[in-house]
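Structure record follows, encoded as structure tokens.
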Amino acid sequence: MDLHSRVPSGPIELKWDKHRFEMKLVNPANKRKYTVLVVGSGLAGAAAAATLSELGYNVKCFCVQDSPRRAHSIAAQGGINAAKNYRNDGDSIFRLFYDTVKGGDFRAREANVYRLAQISVNIIDQCVAQGVPFAREYGGLLANRSFGGAQVSRTFYARGQTGQQLLLGAYQQLEKEIARGGVAMFPRTEMLDLIVVDGRARGIVVRDMVTGRIETHIGDAVVLGTGGYANVFYLSTNAKGSNATAIWRAHKRGALFGNPCYTQIHPTCIPQAGEYQSKLTLMSESLRNDGRVWVPTRAGDARPPDQIPEEDRDYYLERRYPSFGNLAPRDIASRAAKTVCDEARGVGPGGLGVYLDFADAIGRVGADAIRERYGNLFEMYERITDENPYRVPMRIYPAVHYTMGGLWVDYNLMSSIPGLHVIGEANFSDHGANRLGASALMQGLADGYFIVPATVSDYLASTKLEKIDATHPECRLVQEETAVSTRRLLGIKGTRTVDSFHRELGRIMWDKCGMARDARGLQEALARIPELREEFWRNVNVPGSDTELNQALEKAGRVADFLELGELICRDALHREESCGGHFREEYQTEEGEALRNDELFAYVAAWEYTGRDAEPRLHREPLDFEYVHLAQRSYK
Amino acid sequence: MNLILHIWRQASPSVPGAMVRYEARDISPDMSFLEMLDVLNERLMERGDAPIAFDHDCREGICGSCSLMIDGLAHGPHRGTATCQLHMRSFRDGAEIRIEPWRARAFPVVKDLVVDRGALDRIIAAGGFISAPTGGAQDANTILVPKPDVDTAMDAAQCIGCGACVAACPNGSASLFTASKLTHLGLLPQGQPERYARALTMVRRMDLESFGHCTLHGECQEACPKEISIDTITRMNRDFLRAGLTAGRAAVAESD
């Protein structure tokens, strides 16, 4: 298979401009002859659907929620980066590019990241023009705040609801185009398969989630903006409906899957309270500015925190990382919490938690000052845990919340299937092995508003497509296969619920392929997951029928995919014999416990090809060259 | 804790529904309300019964999917809280709880506790946007926006589109929803050119979607999980009135 990144030649700062000129255009009168299918209505999908429609294409947009406004982008809190340098603190496009490549632990494609940094400034302009109410200074100018991994203040925000406001901006542009007739919107509609005709993506098979009807939609290009796959771990900070079905089924039709093992684990989440727990809630990382992280020194110490004297406490981050202390980077802080819990020194139910203690800060600056800084977070914590963090230390634990991996795409954001474009978290492209805070929103909108509308036009202008309709044999075949697999799930009538399988898979993934991984654990997971999958297809119980709203059936299809994707994640993690960013292999660390990259052997994108059920996937490598940011080891000490 | 639940079951829009009694035993007070329903559903499925359909997604109060009338109150007993943020410790052991879908003519029931809120999207499509096609936007700091204006706009822009305001309103009005979008966009300089036309087209759409009229009961702001104020409705009425008298005529002629 040809794995060609199609990065334009020339100096990095001119590549995108040059490419934009070289790409072919579609005559305005001809645009209406083309139909583009956009799956997903988050930041990337809604922005792409609206913009393609503004250009004149016929767009069909699909989402699983009851309204496109509810896509999971809405939950992003902190902000969006842009190299505006409004603060005059030394920011520039090159610096944002540099920070992102380095933050990604040198596993991203330089040309893509540079383009992202260039476009970041246009995004802010665009969003302000749409009426996104970003925070402002008293003089009326836009405000900024600082975020991890950067020494400049380049993050734009709308209180703690930046994702919501950006998504509503894109959603409103989408509704504008729906009203104009440019976009046909299909809410409560789930993509179940991709139709490939003569090697090109030509359509999708969907299920109407209200009536159960399986339908085929034909188009000239398909764009997937269906988000990440963190829910393979069952417990994550993702919304319950977030799933990998669209990208996974496209993978099975030939799209390569890039770097599946790169998952990001956020250190400050509210720990699991019980077996019934359905998801995890993130607490802003900013709390670590004033909170001190500790656990009891002695394993199994069950005393309440206020009865554990200073000498019996281990402020392990301050001890191990004296210069960064409690503000050690995300991956370090997460792994350190795991280590102390593995030593049976964790606190709270199940021993899976560490204290984040504000007593010192309250003593130093007073409870009112702390309330001013973190009042809403303390309130949120108390609402969930029923504990008052002004009086008892918070309990926190790391949780999965983002996946850097995704479908492999070239510089045009096109997958290895011509005509299938992948945007936002669903692709692998910009964050390497670790994403910096406030960069996900930037990438989703860059892909959706600015990149994919241009590259889809180029694809359509330079491709001759045969006219087909839903009666094409390939369409009928895929639609029939979808219906068969749905009926098969309903026909098993076993004894275990879908959720029980999902929980068990999540437990395996978290234990063996979570914050720290090793060959033995990964091999165990690779043995265990196929067994679980086999049991699923023999013993799952999916009630109801396929002609109604059936939430158990929806879940069953997604969990079936997670049971396959989970195996690929473990396989990728096992093959990558180095530690980088969110992928930490116990065997590959420095004496101080830092991630130890192996640039000689692993400076490449691992792009996996599906080769059939129960067959080993084939690995393709896209070598990564670092021409502008020189390979170096990140240091946190 | 042990609870008695009375839950609205309705197989499809075309068949009548009814309240059905369930016992939920051994519920942890630390569970969220939706986790309690998850547990009930797991038990129903284990004994071969159909699980209860309900909308949910982010489970942290921002996506606006969850939509339950709990003992007659939209999103349950607490102020500024969506159903997904409600925990079982808010109920006493042995309590009987009535759980119903949003009740409004404009929100037909799809199944059990799931309703169709597409009317809210259509109100936005009728003008709840600033026409700013991608490309060509000027530098974001070119137009200054006074901080108090953007703060008030943000208060209104926080609307999560859940529809609790409609469900709580004795008239089934979507005025708080519509007014919060009009307030958000109408306070920003970028929103001025379409301000009055927007007020007309969105309010007209709201009326067409069989929502009721606002008679300023104020139930909506009590139920709103984002505590949006009915002051926004005053702004909407003012813009609507002015639009009808002046700037909106042309827009009406155009949209007819």
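All figures in this text were calculated on a predicted structure; none of them were measured in a lab. Letters A, B, ... mirror the listed sequences (proteins, then strands); counts begin at 1.
A distance-only check finds a donor-acceptor pair linking the side chain of B:K111 to the backbone of A:L549 [under 3.5 Å]. Under a 3.5 Å cut-off, the side chain of A:Q551 and the backbone N or O of B:F54 do form a donor-acceptor pair. In this structure, the side chain of A:E175 does not engage the main chain of B:I123 through any donor-acceptor pair within 3.5 Å. Under a 3.5 Å cut-off, the side chain of B:E42 and the backbone N or O of A:T497 do not form any donor-acceptor pair. Side-chain N or O atoms of A:Q164 include one that pairs as donor or acceptor with a backbone N or O of B:Q158 at under 3.5 Å. Although no hydrogens or angles enter the test, the distance criterion places a donor-acceptor pair under 3.5 Å between the side chain of A:R70 and the main chain of B:C63. In this structure, the side chain of A:K279 engages the main chain of B:C58 through a donor-acceptor pair within 3.5 Å. A distance-only check finds a donor-acceptor pair linking the side chain of B:N141 to the backbone of A:L142 [under 3.5 Å]. At distances below 3.5 Å, not a single donor-acceptor pair connects side-chain atoms of A:Q172 with backbone N or O atoms of B:I124. In this structure, A:Q126 contributes its side chain and B:G135 its backbone to a donor-acceptor pair below 3.5 Å.
Looking only at side-chain heavy atoms (C-beta outward), B:E35 and A:Q277 come within less than 4.5 Å of each other. The shortest side-chain heavy-atom distance between A:F134 and B:V145 does not fall under the 4.5 Å cut-off. The side-chain heavy atoms of A:S67 and B:R117, taken from C-beta on, include no pair separated by under 4.5 Å.
Of all heavy-atom pairs between A:R188 and B:V115, the closest is NH2-O, 3.3 Å. For B:T81 against A:R383, the heavy-atom pair with the smallest separation is OG1-NH1, 2.8 Å. Closest approach of B:F177 to A:R69, counting heavy atoms only: CE1-NH1, 3.6 Å. Taking every heavy atom of both residues into account, A:T385 and B:R89 meet most closely at C-NH2, 3.7 Å. Closest approach of A:A129 and B:A132 over heavy atoms only: O-CB, 3.8 Å.
Your options are B:V39, B:D116, B:D38, B:I160, and the one with the most heavy-atom pairs under 4.5 Å with chain A is B:I160. For the options A:I178, A:N541, A:D386, A:L168, heavy-atom pairs under 4.5 Å to chain B are most numerous at A:D386. Of the listed residues (A:G140, A:A179, A:G169, A:G241), the one with the most heavy-atom contacts under 4.5 Å to chain B is A:G140. Ranked by heavy-atom pairs under 4.5 Å with chain B, the first of A:D66, A:I124, A:V132, A:V210 is A:D66. In terms of heavy-atom pairs under 4.5 Å with chain A, the best-connected choice from B:V110, B:I62, B:V114, B:D49 is B:I62.
Under the 4.0 Å criterion applied to side-chain N and carboxylate O atoms, B:D57 and A:K240 are not assigned as salt-bridge partners. Salt bridge status for A:R136 with B:D151: absent, with no side-chain N to carboxylate O gap under 4.0 Å.
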*Are B:D30 and A:Y276 close enough, and set up right, to give a side chain to side chain contact (heavy atoms under 4.5 Å, CB included), and what steps lead you there?*
CA-CA 10 Å; B:D30 290 330; A:Y276 55 81; 3.4 Å; yes
*side chain to side chain contact (heavy atoms under 4.5 Å, CB included) between A:R159 and B:M154, worked out*: CA-CA 9 Å; A:R159 296 190 190 154; B:M154 181 63 196; 3.6 Å; yes
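Residues B:D121 and A:Y171 bring a donor and an acceptor atom of their side chains to less than 3.5 Å of each other. Inspection of the B:R59 and A:S278 side chains reveals an N or O donor paired with an N or O acceptor under 3.5 Å.
Going from atom CG of A:D125 over to atom OG1 of B:T134 covers 12.5 Å, rounded to the nearest 0.5 Å.
For chain B, the nearby part of A:Q65 is the side chain; its heavy atoms alone come within less than 4.5 Å. For A:A552, the part lying near chain B is the side chain, with the backbone staying farther off; criterion is any non-hydrogen pair under 4.5 Å. For chain B, no part of A:L174 is nearby; none of its heavy atoms comes within less than 4.5 Å.
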